[in-house]
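What you see is a predicted model; the values in this text were computed from it and never measured. All ligand and atom numbering here is 1-based and tracks the order in the structure.
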Amino acid sequence: MLRLLELTYENLLAAVSERYGKGPFLAKVLYREFYKNLKPDAWRTEAIRNSQGLRDRLRKDWCFGPGRVRDEIHEEGLVKFVTELVDGHRVESVILPLRTHRTVCISSQAGCGMGCRFCETGKLGLARSLSVEEVVGQVYQAMQKFGRPIRNVVFMGMGEPFDNLQNVIQAVRVLSDQRGLDIAQRRITLSTAGRIDGIEKLAALNMPNLNLTVSVNAPNDELRRRLMPLHDRGSLALLQKTLMAYPLKKGKVLNVAYVLISHVNDKNEHARQLAEWLKPLRARVNLIPYNSIKDSFFKPPGQGDINLFRQKLIELGVNVQNRVPRGRELMAACGQLGAHVRYGG
Ligand code: SF4
């Protein structure tokens with residue numbers, strides 16, 4: 001089978017040589033038609049209209065199965081779309097418009113096995129990991145449906161990307177192929193709940209331009225264990241040690257995500273502990289006000305509490321970014337993907 005959503009240009013070149021004894025001309029034509037012109041049935045290209053035998057073979061081998069976009073919800077330019085995969089599982093993706101371009105937030109798994117207590121996806125449990133085609137397909141279909149200028153891709157949708165690392169890395173290679181979608185690796189972010197083995201594997205892959213976000217959410221082991229059951233696999237000290245060894249390119253910072261939950265992790269003492277933990281790291285904290293999810297006893301923090309926590313961190317010398325919680329009403333903000341899958345709509 002030829003699944004172009006799983007292939008870099010070099011992979012395709014090798015495949016057409018092996019299968020059809022053809023060279024760069026065919027690979028270039030197919031890749032350009034598929035990725036630059038966004039034609040999923042690129043085998044129909046006029047460029048090979050005189051070679052009926054080759055077209056027949058291509059048609060037989062061709063595969064395009066990223067799933068079908070079932071639903072889309074629009075609000076103030078932000079779009080959440082739900083893709084139904086071939087086996088009926090559904091995943092959610094979000095397109096966030098910025099002034100000059102768009103960012104797309106994609107899923108790496110249907111559901112998630114990490115079980116973070118504050119997260120809608122965590123309540124679904126893990127159905128399965130996505131194939132490369134299903135991961136790249138979210139960006140491809142976003143471009144087809146909502147326009148081309150997607151510049152940033154963040155793996156912050158459903159799932160723990162490091163639980164599906166092999167497919168996620170091949171997806172990154174396909175997304176960043178300059179002959180195809182051409183999304184630079186420096187504009188792609190992998191986000192993990194802190195899988196230490198995954199961080200080590202990523203470090204060994206030597207992809208220095210990729211961005212890494214680590215979801216920390218608690219400044220001590222006891223609280224983190226309560227919020228993130230995965231924490232049992234490694235302490236904050238071990239996570240810190242792993243991140244200290246992570247090969248950060250000059251000028252880059254680690255992104256540390258901290259979901260701020262009212263009366264849970266938003267006290268002065270928590271800010272102090274977090275600042276202490278961050279000291280040996282070149283990191284920037286993204287403060288994300290907790291977003292309400294159904295049947296949860298956690299509460300979002302008030303704006304005053306967010307400001308106080310942020311101010312405290314700044315006083316303690318922490319580099320802080322305050323994320324504007326767009327998409328809250330759409331149930332498309334951080335930690336909320338999965339609502340549409342869980343409750344329908
Ligand atoms: S926060 Fe991320 S890792 Fe945790 S359950 Fe949700 S999707 Fe999974």
Side-chain angles (χ1 to χ4, degrees), residues 80 82-83 85 89-94 96 104-130 134-135 138 153-165 167-168 171 188-199 201-202 211-219 221 223-234 236 239 242-243 254-261 264-265 285-298 300 323 325 327-328 330-343:
K80 178 161 83 167
V82 182
T83 306
L85 307 174
H89 289 304
R90 291 193 286 171
V91 294
E92 299 181 9
S93 322
V94 181
L96 297 135
V104 62
C105 171
I106 59 173
S107 296
S108 55
Q109 298 182 302
C112 182
M114 296 294 118
C116 303
R117 305 269 187 247
F118 50 83
C119 172
E120 188 73 56
T121 311
K123 294 194 185 302
L124 291 169
L126 176 65
R128 68 170 172 85
S129 288
L130 302 191
E134 290 163 342
V135 175
Q138 292 168 67
V153 174
V154 295
F155 284 78
M156 291 183 184
M158 298 167 73
E160 161 59 61
F162 286 6
D163 258 3
N164 187 19
L165 190 59
N167 287 353
V168 164
I188 299 178
T189 300
L190 300 191
S191 175
T192 176
R195 284 282 306 259
I196 284 165
D197 54 343
I199 296 169
K201 280 185 197 153
L202 182 65
N211 300 297
L212 177 63
T213 292
V214 181
S215 212
V216 173
N217 306 319
D221 287 328
L223 182 53
R224 196 159 191 264
R225 198 170 292 117
R226 269 176 48 209
L227 296 177
M228 305 173 78
L230 158 90
H231 183 70
D232 276 342
R233 294 193 213 161
L236 275 169
L239 180 59
T242 310
L243 293 174
L254 279 169
N255 294 301
V256 167
Y258 193 94
V259 175
L260 200 64
I261 307 172
V264 173
N265 61 358
V285 173
N286 289 334
L287 271 188
I288 306 161
Y290 168 70
N291 298 307
S292 286
I293 59 174
K294 215 171 168 178
D295 305 330
S296 171
F297 45 85
F298 292 139
R323 192 189 288 177
R328 183 175 280 183
L330 262 167
M331 300 302 283
C334 187
Q336 291 190 322
L337 291 191
H340 216 72
V341 170
R342 197 166 160 222
Y343 308 114

message = Applying side chain to side chain donor-acceptor pair (under 3.5 Å) to Glu160 and Thr192, what does each step give before you reach the verdict?
response = CA-CA 6 Å; Glu160 161 59 61; Thr192 176; 2.9 Å; yes
ask   = side chain to side chain contact (heavy atoms under 4.5 Å, CB included) with Ser129: which residues, sequence neighbours excluded?
value = Gln109, Asn164
inquiry  = Under 2.8 Å from atom 8 (Fe) of ligand 1, is there any N, O or S atom belonging to Cys112?
reply    = yes
key: Name of the residue among Met114, Arg117, Arg224 meeting side chain to side chain contact (heavy atoms under 4.5 Å, CB included) with Pro229   = Arg117
Ligand 1 atoms in contact with [X] (distance to a heavy atom under 4.0 Å):
| X | answer |
| --- | --- |
| Ala193 | 3 (S) |
| Gly159 | 7 (S) |
| Gly115 | 5 (S) |
| Gly122 | 5 (S) |

inquiry  = Does atom CZ (Arg226) have a neighbourhood of more than 12 heavy atoms from anything else shown, all under 6.0 Å?
reply    = no
request  = Tell me whether Cys119 has at least one N, O or S atom under 2.8 Å from atom 6 (Fe) of ligand 1.
outcome  = yes
message = For a quick check under 3.5 Å, do Tyr258 and Ser215 share a side-chain donor-acceptor pair by atom type?
response = no
